[in-house]
Amino acid sequence: MSIEYGEAQLLPGEKIAITTDTATEPFWKKAKERKLTACRCASCGHFRMPPTPYCPECQSREMSWPDLPGTATVFSFAICTRSPYSGEPLIYVPVVVDLDGAPGARLVSNLIGIKAEDVEIGMKVTVDWNPIQDDWLLPIFRPV
Amino acid sequence: MVWVNQDKCAIVGVGATDYYVRGHSHPRTINDMVGEAILKACDDAGISVKQIDGFAYYSGAQMGYGDKADTASLMEMLGIPEVTFSAALTSGGGGAAGAVGLATAAIMNGDATHVVTVMALQQYRQRLGTVFGASAPSPENSFLQPSGLVGPGHLMSVLARRHMHLYGTTRDAFAEIVISQRENAANREGAMRRTPLTKEEYFASPMLADPLCRLDFCLETDGAVAWVTTTTDRAKDLKQKPVLIHGAAHGGQREWGRAFAWMGMPDPHFGSSGHKPIGDRLWEMSGRKPADMDVALIYDHFSAMVLMQLEDYGFCEKGEGGPFVESGAIRYNGGSIPVNTHGGQLSEAYIIGATHTREAVEQLRGVATNQVNDAEFALVTGGPASLPVSGCILRRA
Ligand SMILES: [Zn+2]
C-alpha cells in the first residue's frame, strides 16, 4: 500500500533557529561557507557528531574539521505531514544520513527535490543549504 | 547469579487518580493529583502517610516535562515527619520500571522503610507530543530540531522505518499491537479509548510521521499514579497481598545512548528499543526466562517500540517481532504472552509508564480487569528513550 504524498517540501528557514557552543561552532562556521564538515579527533581520527569536547575513543580534546565531499547515504527517514511551526498540512522528509568521508558520523537533516513516496533507504544524496535565522546556513540534502 | 535482593522487597500499595483527557485535569494542580495518588497508595497498603520516609522517583523527579515533584513540598503538604531517602533515576520515562530497584536499594541499605514512587502528568501548558519543538534549541539539539522531528513520535518513526527496511516488518504488525491493546481496554473502567478497532479503521488513520499513523501514537492524558514499596517481612502485616520485586535493572549501552535524540546508533541498535542489555541482566539476575512470564506490561509510547522490546527481551528472535505479534502471541485471549492487558498507553492512559506498574500489581494480586489465569510473574518495562532504560520482574507472593 503506497500513499502518494507529493513533493517533499523545504521547511521555512525564517522559522529555524540554532545555537552553538565552543564544540559545535566550527561546524556551523564552515556551513556558512557552504562547506560540509564533521568533527574529527585530531589524535586518532575518529569522527563524532554532534561535536562534543572529548573524543569518545581516546578522550583527546584535539579536533579537526575536514572538508567533506558533501555527499551522503540515506540511513533512515520519516515522512511528516504537518508543519512543525503552524500545524498546517505540509509534507516534509526528515532524514538520517551517513556522511561520505566521515565513517560513523551521521547528520539529521531534510531531503528535498523528490516526491516523498520515492525516498528510499540507501539512496545517495548531496548537500544543499537552507538560509535560517541569524544568517546561518543549515545543511539539507537533495538526491544526487 | 541470583540477585541478592530477590523477593526481599514488595509493592504493598498502589493508588491513582482518575485519568483525564489532556488538559482536562485543570483546575486541579499537579500537587493535588500527586497527593491523591500517594494517599490512595498508603490507604491501599494500610499504612499512614506519616510512615513514608523515602522517595524513589524516575525521570529525574519530573512529573511530565514541565512540572517537578519536590520531596520537601510533599512532606509539607502531606505531613510526612522525616525523610531518610530521596533520589531519582535520571533522564525520562526510560526509568519507569527501574524505580522499584531504586526503592529496593534504599530499603535494603537500611536508609528507608516505606518508599513512595510517584508519577503525574498534566498537559495544560505544554503538550508532550511536541515538547522538543517547543523548547529553544540547545547547541546539542540544534543538530536535531531543525529537521522538523519535533516530537517523540516523529523521532521513533525513523527507528521503525529502519526496522521495516532490515527485517521486512510491515504496518500490519503495528496494527495488531494497537488493535489488541484496544480490545483489552474495552472493559477497562476509566480507559480513554474503549471502542473496538478494526484493521480498516487502523489503516484509515492519518499518517503523522510515516510509517506511524495517529493510532500508533500513545494517548495524551493527565493523571497521577503512586506505589509504596517496603520489605517483604513488613508486608506480612499490611492489608494487601504483597507483590514481590523479583528483579530490577536500569542502564544501557553507549551504542544506544541518547537514542533517537542522537540518531547515531549503529545497526542493530538503531532498529531496536535499547533494552537488550536490560533484558539480559534481568534474566540473569532472576534465573527466569521470557517463557516464565505470565503477562508483560511493555512501555507503549508508540506501537512499533512494543515490537522491538519484545525482540530485545527475547520473546522472539531479533527481527521476528512482526510475524510474532501477527501470530496473535500478545493477545489476552489465547496469546502466549498477553501484553498490556489494561489497554496500555495506547488505549487506557499515558502517565509516563506508571500505569504499567499499577496493572502488574493488579495482575499479581489476581484482581485485574483482564486477569491472566494464575499469573505469577509479570515483566514491566520503561520507555525506550535516552538512557537509562529499565525493566523489572514482579512476582506474586
Ligand atoms: Zn580520538
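Residue numbers start from 1 in every chain, and the chains themselves are labelled A, B, ... in the order their sequence lines are given, proteins ahead of strands. Quick caveat, the model's predicted, so the values are computed rather than measured.
- Of all the heavy atoms in A:Pro56 and B:Arg254, the pair that sits closest is CB-NH2, 3.6 Å.
- For the pair A:Cys80 and B:His154, the minimum side-chain heavy-atom distance is below 4.5 Å.
- Going from atom CD of B:Gln145 over to atom CD1 of A:Ile18 covers 11.5 Å, rounded to the nearest 0.5 Å.
- With a threshold of 4.5 angstrom between heavy atoms, A:Pro139 does not approach chain B through any atom at all.
- At a threshold of 4.5 Å between non-hydrogen side-chain atoms, the residues A:Thr20 and B:Pro139 do not count as touching.
- For A:Phe77, the parts lying under 4.5 angstrom from a heavy atom of chain B are both the backbone and the side chain.
- Using a 4.5 Å cut-off between heavy atoms, A:Phe75 touches chain B through backbone and side chain atoms alike.
- The heavy-atom pair separating B:Ser142 from A:Thr19 by the smallest distance is OG-N, 2.9 Å.
- When the shell of 6.0 Å around CD of A:Glu57 is examined, it contains more than 12 heavy atoms from other residues, nucleotides or ligands.
- A donor-acceptor pair under 3.5 Å is absent between the side-chain atoms of B:Ser147 and the main chain of A:Asn110, judged by distance alone.
- By the neighbour-count criterion of 12 heavy atoms within 6.0 Å, atom CD of A:Glu120 is sparsely surrounded, having that number or fewer from other residues, nucleotides or ligands.
- Checked by atom type and distance alone, the side chain of B:Arg161 never pairs as donor or acceptor with a backbone atom of A:Ala78 at under 3.5 Å.
- A distance-only check finds a donor-acceptor pair linking the side chain of B:Trp262 to the backbone of A:Met49 [under 3.5 Å].
- Under a cut-off of 6.0 angstrom, the local environment of CD in B:Glu317 is sparse, with at most 12 non-hydrogen atoms contributed by other residues, nucleotides or ligands.
- More than 12 heavy atoms of other residues, nucleotides or ligands lie within 6.0 Å of NZ in A:Lys124, so this atom counts as buried by the packing criterion.
- Options A:Asp21, A:Val108, A:Val93 differ in how many heavy-atom pairs under 4.5 Å they form with chain B, and the most are formed by A:Val108.
- The part of B:Pro266 that comes within reach of chain A is its backbone (N, CA, C, O), which places non-hydrogen atoms under 4.5 angstrom from that chain.
- Put simply, the side chain of A:Ser76 does not reach to within 4.5 Å of the side chain of B:His163, judged on heavy atoms.
- With contacts defined as side-chain heavy-atom distances shorter than 4.5 Å, the pair A:Ile79/B:Met207 does not qualify.
- Taking each heavy atom of B:Pro146 and A:Leu11 in turn, the nearest pair found is O-CD1, 3.6 Å.
- Contacts with chain A were tallied for B:Leu208, B:Leu212, B:Thr170; B:Leu208 has the most, counting heavy-atom pairs under 4.5 Å.
- Contact annotation: the side chain of B:Phe143 approaches that of A:Thr24 to within less than 4.5 Å [non-hydrogen atoms, C-beta and beyond].
- Around atom CD of A:Glu4, no more than 12 heavy atoms belonging to other residues, nucleotides or ligands sit under 6.0 Å away.
- To the nearest 0.5 Å, atom CG of residue B:Asp210 and atom OG1 of residue A:Thr81 are 9.0 Å apart.
- Using a 4.5 Å cut-off between heavy atoms, A:Leu107 contacts chain B through its side chain alone, with no backbone atom that close.
- Within a 6.0 Å sphere centred on NZ of A:Lys32, heavy atoms belonging to other residues, nucleotides or ligands number more than 12.
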